[in-house]
Amino acid sequence: MEWLHIVVLLSTLAVHVSWGLEGTTGSLPELSKLSQELLDSARDPEFFDWLRKVRRKIHENPELAFEEEETSRFIRSELDLLGIEYIWPVAKTGVVASIGSGVQPWFALRADMDALPIQELVEWEHKSKNPGKMHACGHDVHVTMLLGAAKLLQLKSKELKGTVKLVFQPAEEGHAGAYHMLKEGALDGIEGIFGLHVWPEQPTGSIGSRPGPFLAGAGRFLVTVQGQGGHAAAPHLTADPILAACSIIIALQQIVSRETDPLEARVVTVGFVNGGQAANVIPETVELKGTFRSLTLEGLHYLQHRIKEVIEMQALVHQCNATVDFMLEKMRPYPPTVVDEALYKHIKSVSEALVGEPNVYLLPMTMGAEDFSFYTHKMSAAMFMIGTKNDTLGSNATSLHSPYLVIDEEVLPIGAAVHAAVAISFLDTDAVSATTATVTEPELEFLTRELLESAKEPEFFEWMIGVRRRIHQYPETGFEEYRTSELIRSELDSLGIKYTWPVAETGIVASIGSGSKPVFAIRADMDALPIQEQVEWEFKSKIDGKMHACGHDAHVAMLLGAAKILQSRRDVLKGTVKLVFQPGEEGFSGAHHMLRHGILDDIDAIFFIHVVPDLPTGVISSRPGQMLAGSGRFSATITGKGGHAAAPHKNRDPIIAAASAVLALQQIVSRETDPLEARVVTVGYFEGGKAENVIPESVKFGGTYRSLSPEGLIYLKERIREVTELQALVHRCNATLDFKEEQPLPYPVMINDEALYGHVKKVGEALVGEPNVHFFPMIMGAEDFSFYSQHFPATIFVLGVKNETLKPDRPLHTPYFVIDEEALPIGVALYASVAISYLDRPLVDSH
C-alpha cells in the first residue's frame, strides 16, 4: 500500500472529536448487542487460534502483485471448508465469494492479497520463507480478517437481508488490482464496499477514517531528455540534456507553487534522475522519473497536462527534445479515495458500538494513494484504518512498508467482527439512504422571526438604506473616516445610545444593556477603498478615486440597524452588547489599534458579518476553526556592483541574484510545505535598473506570504529571509529584508471559535432556514478581524447580497461592485438575534 509510507503522520495528526454528524445506524442497543456477539465469537479460543494460523501461513508465503497463486489457493480452500461459493479467477488471482440470499442489496467487503519486494528482518517462527518478499503492509492480516468475517457471516447466512460479497483482490501495491477487478465485472451491482487497513501507529483496536476526500490520487511519469553529447570542454558544440533536465525539475515546481490554489493540495516530485557516466562528457540523454498527486480528479488531469507541456517546452529552451510517458497501462494512475459520507457514518456508528467512542478517530487527509480509490468512483465506498500497535511486542518499525513491521494479532478478531457487523447492519438498515434533520428551538425561531419582521418594516428599511447610501456617497479610506464617524455618532445620539469616541482615531464603541457581564460585541468596519466607482446610479460615490467596494457601508448600516433593535430591548438584555465601529480594516490593522485602546478588554465574545456577492441574497455561510489566512509583507533589496552590460565579469549582477531568489522562494511552498497545509509566497513587484545596457547597483522586490497556521507564518518569514540572503551570496551580492512589522502589521490567521460558530449557525438556521446556511471554504485572503480572534472567542459569517436582476454582478474590490439592499434586514436580524440569545445563554464563564 504505497500511500502508507507516510501513515506515521497519522499517529500525531489523528484527532479524536465529539462527532457532530447526526443519525445512527439502526437501534444503538441492537447494534451494540450485535457487535459484542460477533466480537465474542471471534475471540473464542478455537476461532482465534484458527485466525492466527491463517495469518501466519499467509505471512510465511508472501507473493507479489498478480503472482498470488498460493495465497489464492489457500483462500479458496478455506472458503470450501466453510461452504461458501465463489468466483475464480478474477483479475488473474482474485476471488469473489458470496454469502446470503443472493438477492439485493449487495454489500462488499474487500481485502488485498499481495506482498512487497522487501526482505523481512523480523526474527520469529513465522518469518517469510520467500527471500526478498514480505507482507510489510499487513495484507496478510487483511485477508485473515476477511476470512474471519466470512466465517461469522456464514453462521448467520440465513438471517442476512441481502447478500455480502467477499472481495479478495490481487495487486494493490502499484498495479491497480482494484481497477482490474472492476473491469472484469465481478463487482457489478454492488451498492457499497468497505475496506479495513492495519494502522501500526495506533493502539490495537482503535479505528479511524474521515468522510469525503481521504487519500490522494497519484500518477507516475517517465521522461527522456534527448540532447547532443560531447566533450565537457566544448559545451557550445553540444545541446546539454543535464542543463535541460535541471531546468525541467525546477520549472515543474512552479505548477504547484504558482498555478495551484493553495487550498487544493497537489504535489509533483521527481524521485529519479540518471544521465551520463563520465565527469568530462556531456551525455546524449538524461532520464527522469516522478509522481504527481492531487485530491481531485480535475487536479490530476491538470497536472498531467501541464507536466507534459512544461517538460517539452523547457527541453526546447535548451535545444533538446523530451518524451513523456505517463505509463497509463503499466502503472495505471490511481484516482483520489473519496469516502462516502453516509457509509462513513454507518461504519463509524458500528465502530463506536464495537470498540467505544473514545477509540474512534477522525483522521487527516494524506497525499498517499491506495487503489481502493477505484471502488470509490464506482459505488458507495469507505476505507477505515484499524490500530495494531502493542508496545510489548518490541518492534522497531515506525510505519508500514518496513522490514521490521510487527502486527499485534489481537487485532484479528476485532477486525473480523468489524467487517461482519458493518455488513449485517448495512443490509438491515440500508445505510446509504440515511438522512438527518436539524431541530430548531421554537423560542429561537420566534425571536428571529420577530426581529426580521421589525427590520423589514417599511419605515425601518427606508431609514437603514438611507444610512447606507449616505455612507456610500462619501467613502473615506483607512483612519480618515471622520465624516462616517460623525454620521454614526449622530445616529447613536438620536437612539439614546452611549458611546466612547475617538477610539483608534475615528472608531466608536457603543454600549447597550445593563453594563454588566456577560459582554458580547458585534463589529462593523467603516473604511473604503482607493477605487474609482464605475457603477452609474443615483448614490454613486462623490469622492474621486474612492469607493465602498468591499461593502463596509452595508456593514455599518446593518450594525446601526441592530443597534436600533437592541436599544428597543435594552431593559430585557441579560448583560451588555458592545457595538464596535472600527476604522482602518483595509490594510491598516484597525482591529489591532482598537484592541490597544483597552475598551474591549471586558468582552466575552465578538461577532462580525461581511457581505459577499458570490452567494444569493439572504444565504449565510461560515466554518468552524481556520477560515482566513494570516498574512505578512516583505521587501528585499539586493545590492551588487553595477557596470556596463558588455562587461558582466567586472560586475556583480543583482538582477540575476534577485531573479534566482524569486525562483527559489517558490520552492518553500512546493518542496518544504506539507501539501495539506496551505501556504503562499508571492512576489508582487520587482524593480531594478534604468537603462538596457547598464547592470544596476541594486534591485528591489517585495510581496506577501500567507498561511492558515501561526506556525506556518513564522516558518515562511524565517525561510524567506534565509533563501533571499543566501541566493544573494551565491551571486556575490548582499540582501537586506524588511518584514514591515510596524506598518502595515502582519495579520494573524482568522480562527472561528467552534462554540460561537455553532451558536451563530443555530441562530442562522432559525432565521433563514437550514438550506440557506452553507459551509464556507477556507480562503487565503486575510481580514484584520483576526486580531480579535487572538484575544477572545470570535467568529465571522458572510451574508449573500447577490441578486441576478441587479447588474453588473462583480466581486468585492472591483469598481462595479453592487449590493442587493434586501439583504440588510437579514443582517440586522442576525446581529441582534445572535447577541440577545448569547446573553441569554453565554458560551463562556463571564465571572
Side-chain angles (χ1 to χ4, degrees), residues 3 5-15 213-218 249-271 290-296 299-300 302-303 306-307 310 336 363-369 625-634 636 660-684 702-727 737 739 746-751 777-782 786:
W3 73 276
H5 280 296
I6 56 174
V7 79
V8 68
L9 295 174
L10 298 180
S11 62
T12 57
L13 295 176
V15 180
F214 184 23
L215 310 174
I249 291 168
I250 292 172
L252 286 175
Q253 296 311 312
Q254 315 307 323
I255 302 173
V256 174
S257 63
R258 304 314 298 158
E259 300 179 26
T260 297
D261 182 340
L263 294 160
E264 168 139 4
R266 295 178 186 170
V267 182
V268 178
T269 294
V270 174
T291 62
F292 56 101
R293 300 163 187 269
S294 173
L295 284 162
T296 67
L300 288 175
Y302 183 84
L303 288 176
R306 286 293 289 140
I307 286 168
V310 167
L363 300 186
M365 293 181 284
T366 83
M367 295 307 292
Q626 297 160 315
M627 181 171 175
L628 306 173
S631 73
R633 303 188 183 199
F634 68 94
S660 298
V662 171
L663 287 173
L665 288 175
Q666 295 312 312
Q667 315 308 321
I668 302 172
V669 174
S670 63
R671 304 314 297 160
E672 299 179 26
T673 297
D674 183 340
L676 294 160
E677 168 142 2
R679 295 179 187 170
V680 182
V681 178
T682 292
V683 173
T704 62
Y705 56 99
R706 301 166 187 266
S707 173
L708 282 162
S709 72
E711 299 78 14
L713 289 173
I714 293 168
Y715 184 84
L716 288 176
K717 180 182 173 184
E718 290 176 352
R719 289 294 288 141
I720 287 167
R721 183 185 297 280
E722 286 178 353
V723 167
T724 304
E725 290 176 347
L726 290 171
Q727 282 292 336
L737 284 96
F739 283 93
Y747 283 13
V749 180
M750 178 60 222
I751 301 175
M778 290 185 287
I779 61 174
M780 296 306 290
S786 58

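For the numbers below, each heavy atom of this structure counts, side chains included, while hydrogens, waters and symmetry mates do not.
- For the atom pair CE (Met750) and CD (Gln626), the distance works out to 11.0 Å, reported to the nearest 0.5 Å.
- Between Pro213 and Pro336, the closest side-chain pair of non-hydrogen atoms is not below 4.5 Å.
- Once rounded to the nearest 0.5 Å, the distance linking CD1 of Ile720 with CD of Glu725 reads 12.0 Å.
- Residue Ala664 comes nearest to Val723 through the heavy atom pair CB-CG1, 3.6 Å, listed as atom of the first residue, atom of the second, then distance.
- Between Leu215 and Gly368, the shortest heavy-atom contact is CB-O, 3.5 Å.
- Pro746 and Gly632 make their closest contact through CB-CA, 4.1 Å (heavy atoms, listed as atom of the first residue, atom of the second, distance).
- Between Thr724 and Ala636, the shortest heavy-atom distance links the atoms CG2-CB, 4.0 Å.
- In this structure, the separation between CG on Leu716 and OG on Ser631 is 11.0 Å, given to the nearest 0.5 Å.
- With contacts defined as side-chain heavy-atom distances shorter than 4.5 Å, the pair Leu628/Met778 does not qualify.
- Ser294 approaches Gly299 most closely through the heavy-atom pair OG-CA, 3.4 Å.
- Between Val270 and Leu252, some side-chain heavy-atom pair lies under the 4.5 Å cut-off.
- Using cut-offs of 30° and 60° for the angle between ring planes, the Phe634 and Phe739 rings count as tilted.
- Note: Thr269 OG1 to Ile249 CD1 = 11.5 Å, rounded to the nearest 0.5 Å.
- If you take CZ on Phe214 and CG on Leu295, they are separated by 11.0 Å, rounding to the nearest 0.5 Å.
- For the residue pair Thr296/Glu264, the side-chain donor-acceptor check at 3.5 Å is satisfied.
- Formation of a donor-acceptor pair under 3.5 Å by the Gln253 side chain with backbone atoms of Val268 is found in this model.
- Applying the 6.0 Å contact sphere to CZ of Arg306 captures more than 12 heavy atoms from other residues, nucleotides or ligands.
- When Leu708, Asp674, Thr673, Leu713 are each tested for a side-chain contact (heavy atoms from CB on, under 4.5 Å) with Arg679, only one passes: Thr673.
- Nearest heavy-atom pair, Val680 versus Pro262, reported as atom, atom and distance to 0.1 Å: CG2-CG, 2.9 Å.
- Atom-to-atom distance recorded for Ile255:CD1 and Tyr302:OH is 7.5 Å, nearest 0.5 angstrom.
- One N or O on the side chain of Arg293 and one on the backbone of Met367 form a donor-acceptor pair closer than 3.5 Å.
- In this structure the side chain of Ile250 reaches within 4.5 angstrom of the side chain of Gln667, judged on heavy atoms.
- When atom types are taken as modelled, the side chain of Thr682 and the backbone of Gly684 share no donor-acceptor pair closer than 3.5 angstrom.
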